[in-house]
Amino acid sequence: MGDSYVTDIAEHPACAVLLSAWQSPDAERRRAMVEGLGIPGPIALRSRYRMLLDPQAPAGPWNPGLTPESWARQLRLETEGDNAVRSGALTVARDAFRALLAEAPPDRPRVAAVHAHLGLGKVAMERNDIESAAEHFAQASAAADASRYRFGRAQTLVHWAYMTLWHHSAELALDQFQEAASIAGALDDPVFQGNALLGAAECAERLGQLDRMERHGKDAYATFVSVRSAHGQGNAAQRLAGWLHRRGRHAEAWEWLDLALAAFRQDGNPTGLANLHSLRGDLLLDERRFAEAGDEHGRALELATSAGLSRARAHAVHDLGRTARGLGDWPGAVALFTRSLREYRDLGDLLGMSNAFGKLAEAQEKCGSADEALRTWREAVVEVEHYRADHQEDRFQEEYRRRFRGIYGGALSAAEQHRSPETFAVVADFLAGRRLAGLLEASSAAPAGEAPDRLRELLAGADRGLLAHRRGAGPDADGTRRESRIRRLGAFDTRQDTGAPADKSLDDLLAAVYLPPADEGGALLGALPDGCHALQLLLDPVEEELVRWLWKPPGGKAALGSFRLTPPALDLLSVLRSGERAAERRALTAEDLRPLSALLPAPLAASLLGAGPHDLLILPAGELWRVPWGALPLPDGRLLGEVAHFVVCPSLTIQRQLATREGATDGPRVPVDVDVWRSPLVKHHPMDLFQDHRWNPRRLTSAAEARDAVCEGRALMVLTGHGRPRPETRHYLELDRDTWLLPTDLLGRRPPRRLALIACWGSTSPGRAPGDPISIATLALAGGSDEVLATVGELGDSAPATRYVEMVLNALPEHGMAAAVHRATRRFLSRREYRSLPVLDWAPLVPIGTHRPTGGRP
């Protein structure tokens, strides 16, 4: 069932019965006429059989003007086209489906039109014309939905999902395959249910769900065996062999390859046979049987070339490169991997490109070309980042980060091995996130209009600006093509959220402003402030216990290194980021944090022990953003906050943008204009210190006034309230009962030049995936604040916390926030009993921005 039908389909015994049922005006009569018929094997007849039995099919009459001659012509053209696609005769298939489209009845149900567009889409997909394929699949889907032809939708979904898997998102493709499987199951069609399960298995592999992958693959194979589909058995067996090979189960892989070979010989499918020879070569490579492996990969290349199979050809060239690699022929490997990379790029196959990039960089290193290898690694991460930037939803951006973590990890490892701070800087900055940087670049004066319109205009304008930025360097046909593919395929998202911006999550709102990538590590490092230590560090995306760091001392050259965190340190990071371990987190003292002292690399720690205070800019990516840096112990027993004017910044890109802002020219001035709001729900923190001549306070009289004042762009504002984590917005600040300040309130607005948020979770929230630390504090920084004081966790509503906060605020008229935090920390910890307090009473409060010496710019 479902394989080629080589005799005249118009003479099939079911043909006349199905036509009679099709022309019956009564739904019950139609179903009664075909219920005892038995399932026809040819897909052209089976598709109509499924619709006739579908209880959700429309009422009749169906195609009342349809003649027996037209019915037969349609069935013949469909079968001719399907057989031609399967055998690789794509020109024959295209002509047959075009003729079918011309023959298709204009009235409903438009089943023949669905099949014509579906067939033309399959031809375009085989030729890697994804744009045309997407257009035909969209028309097939629209016609199927309008005709309530569920089986047609299931067929379209399966093919569309494969394109989504190759060019968009494995997560979205899995949704599509699962919907197709659900429809096929409801219609009792095991062939398309098996096809959908096989696609779901491939998605599961891309997403790292290996047990689910194997389960789906074996279920699909069993389904194809039950209906005697040689084509389905071959596909399922061949893919299972590949998956088992990658899991290291080679004996089982050979067994499945034998099954696949028998099925493909019966079916005669060139794509399947080319893939089969490729996998045989892979297994022979693992057994170091290089000559035999080369023969198999050569056969795969011949088959792919003769059948015009561009994807299989790219795979074969890559496999021949791997054979040269195994033989130690590194120049040959460079040439072949360069060729396969070019072919994968023409296909828009990011997975293939990533594999070729990694192998090419290795071969270049073996040839003694370290600089070329570093360029290749940077090009690889830039390519992945282009795909992330073209996606408009956070879940897809995060999926690419997970799926291609090996590329990021490989580039970071090469940067350390070859002492390339520029490579490290650009890769680490990509991992730190690009949404805040994109928003900061796009933000300007608040557009006019009401809040929802202003927000829509800001995001739309940012999107337009970033698209222009992406294309501004010159012609970018590949980029435009990639962007078009992603947006076309994303339009078929079965879970698409078409709500207004106010209804979307904050992460998805900001996905649209993801800053396009650029290989500019040297420029990022060159923008670091003079006379200041700079520390960029992150957890390796592959080995999460491995910390990678870059340290640039004042006036010196950047150094790179890495080390592994101890189990106690890893557990501390888990406590700091977890939403479920709050009690443990609130009890932590500075002494408890000692295992995290390793986050200060030994050469930096040694420098900080000298006469100070020292200026320190920290750029912590991902989970490390939540560390209360000021409480980290140094080897001599002092804490970081006691020895350094430190400030934290989300990324090097943001630091560079902040460095271009005009700072104060003569240092802080007095008296200081300050807006003050204290939530009546806070027990401590009375905010009664603004009494002396250094202050010019404006005490806000209501929470609503405070929320409006945040966006008036004044010199300094101090807000005290309860900060709460929230899944949709990531964070909000409770100004009063039923009055909140949300992160979205900062979008498109001009916040104070200096903003002090005395609240829990001011700059982050628990349970977040690695990436931009999106919060009120960081959005204020992006919107125009030069300095922000906010928390990286809970802040105590207690008497000691009040004392510490007042010490910090008391220093602000004469000092920047980093210096104010340093002075307050020294004063606070000079009382010995305070050193053993939980760190939530002081250490979560950190200055955010960049280092600014008195007198202006960094």
Side-chain angles (χ1 to χ4, degrees), residues 170 205-208 246 282 285 314 318-319 321-322 324-326 330 333-334 336-338 340-342 344-345 349-389 397-434 517-522 524 536-550 558 560-565 621-622 652 770-771:
E205 186 202 26
R206 302 280 181 94
L207 295 171
R246 287 189 285 277
D282 285 351
L285 268 183
H318 183 77
D319 291 340
R322 292 169 56 238
R325 172 177 176 262
W330 295 110
V334 167
L336 286 162
F337 289 134
T338 300
S340 71
L341 178 60
R342 182 172 59 250
Y344 282 130
R345 182 174 272 124
D349 185 342
L350 182 58
L351 180 62
M353 290 163 61
S354 69
N355 290 331
F357 273 125
K359 297 291 190 300
L360 175 59
E362 178 198 25
Q364 289 167 331
E365 286 180 342
K366 293 292 187 180
C367 289
S369 302
D371 288 344
E372 290 184 15
L374 287 168
R375 278 195 295 272
T376 297
W377 279 119
R378 292 197 301 272
E379 185 181 354
V381 292
V382 165
E383 196 70 53
V384 175
E385 287 290 309
H386 271 302
Y387 276 77
R388 292 182 73 188
Q397 290 175 352
E398 179 58 26
E399 177 192 325
Y400 274 73
R401 186 189 190 280
R402 292 193 310 269
R403 281 177 58 191
F404 295 97
R405 59 187 180 273
I407 288 292
Y408 296 99
L412 290 169
S413 180
E416 182 178 351
Q417 178 185 350
H418 299 295
R419 295 289 180 257
S420 174
E422 296 80 9
T423 300
F424 182 96
V426 72
V427 177
D429 227 48
F430 291 155
L431 289 169
R434 305 280 284 177
D519 182 3
E520 52 187 7
L524 292 173
Q536 184 184 30
L537 74 172
L538 74 158
L539 300 183
D540 187 273
V542 178
E543 302 178 75
E544 294 185 354
E545 76 281 4
L546 183 66
V547 176
R548 296 190 179 276
W549 55 266
L550 178 152
L560 302 176
S562 61
F563 58 86
R564 295 189 183 276
L565 288 173
L652 281 171

Undergrad: Give a yes or no on whether the backbone of G409 and the side-chain of S413 come within a donor-acceptor separation of less than 3.5 Å.
TA: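 Side chain of S413 to backbone of G409: no pair is present.
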Undergrad: For a quick test of reading the model, state the closest non-hydrogen atom pair linking V426 to E520 and the distance between them.
TA: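 Heavy-atom minimum between the residues: CG2-N, 3.9 Å.
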Undergrad: Among side-chain atoms of Y408 and E385, is any donor-acceptor pair under 3.5 angstrom?
TA: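 Checked: Y408/E385 side chains pair up, N/O donor to acceptor below 3.5 Å.
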Undergrad: Just wondering, do F424 and E416 contact through their side chains at under 4.5 Å, heavy atoms?
TA: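 No, side chains not in contact.
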Undergrad: Is the closest side-chain heavy-atom distance between R388 and R434 below 4.5 Å?
TA: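 No, their side chains stay 4.5 Å or more apart.
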Undergrad: Taking 4.0 angstrom as the limit, do R375 and D519 come out as a salt bridge?
TA: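 Between D519 and R375 there is no salt bridge, as every charged N stays at least 4.0 Å from the carboxylate O atoms.
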Undergrad: Just by distance, do the side chain of R405 and the backbone of R402 share a donor-acceptor pair under 3.5 Å?
TA: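 The answer is yes, because a donor-acceptor pair under 3.5 Å joins these two groups.
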Undergrad: Do R322 and D282 come within less than 4.5 Å of each other through their side chains, counting heavy atoms only?
TA: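 Answer yes - side chains close enough.
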Undergrad: Of D540, L565, L538, which is the lone residue that meets side chain to side chain contact (heavy atoms under 4.5 Å, CB included) with V547?
TA: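 When side chain to side chain contact (heavy atoms under 4.5 Å, CB included) is applied between V547 and each of D540, L565, L538, only L565 qualifies.
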Undergrad: Could R378 and E422 be called an ion pair, given the rule that one side-chain N must be under 4.0 Å from one carboxylate O?
TA: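 No.
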Undergrad: Is there a side-chain contact between L341 and M353, using heavy atoms and a 4.5 Å cut-off?
TA: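 Heavy-atom side-chain distance check passes, below 4.5 Å.
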Undergrad: Closest approach of A363 and W330, non-hydrogen atoms and distance?
TA: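 Closest approach of A363 to W330: CA-CE3, 3.6 Å.
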Undergrad: Kindly indicate, with the supporting measurements, whether the criterion salt bridge (Lys or Arg N to Asp or Glu O under 4.0 Å) is fulfilled by R206 and E399.
TA: CA-CA 10 Å; R206 302 280 181 94; E399 177 192 325; over 6 Å; no
Undergrad: When you measure from the side chain of S340 to the backbone of F337, do you find a donor-acceptor pair of N or O atoms at a distance under 3.5 Å?
TA: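 Yes; judged by distance alone, with no hydrogens or angles, the pair exists.
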Undergrad: Keeping the roles fixed (side chain from S369, backbone from E372), state whether a donor-acceptor pair exists under 3.5 Å.
TA: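 Answer holds: no.
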Undergrad: Applying salt bridge (Lys or Arg N to Asp or Glu O under 4.0 Å) to R345 and E379, what does each step give before you reach the verdict?
TA: CA-CA 12 Å; R345 182 174 272 124; E379 185 181 354; 2.9 Å; yes
Undergrad: Mind checking side-chain contact (heavy atoms from CB on, under 4.5 Å) for Q417 and listing every partner two or more places apart, or none if nothing turns up?
TA: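 If we apply the side-chain contact (heavy atoms from CB on, under 4.5 Å) test to Q417, skipping adjacent residues, the hits are E365.
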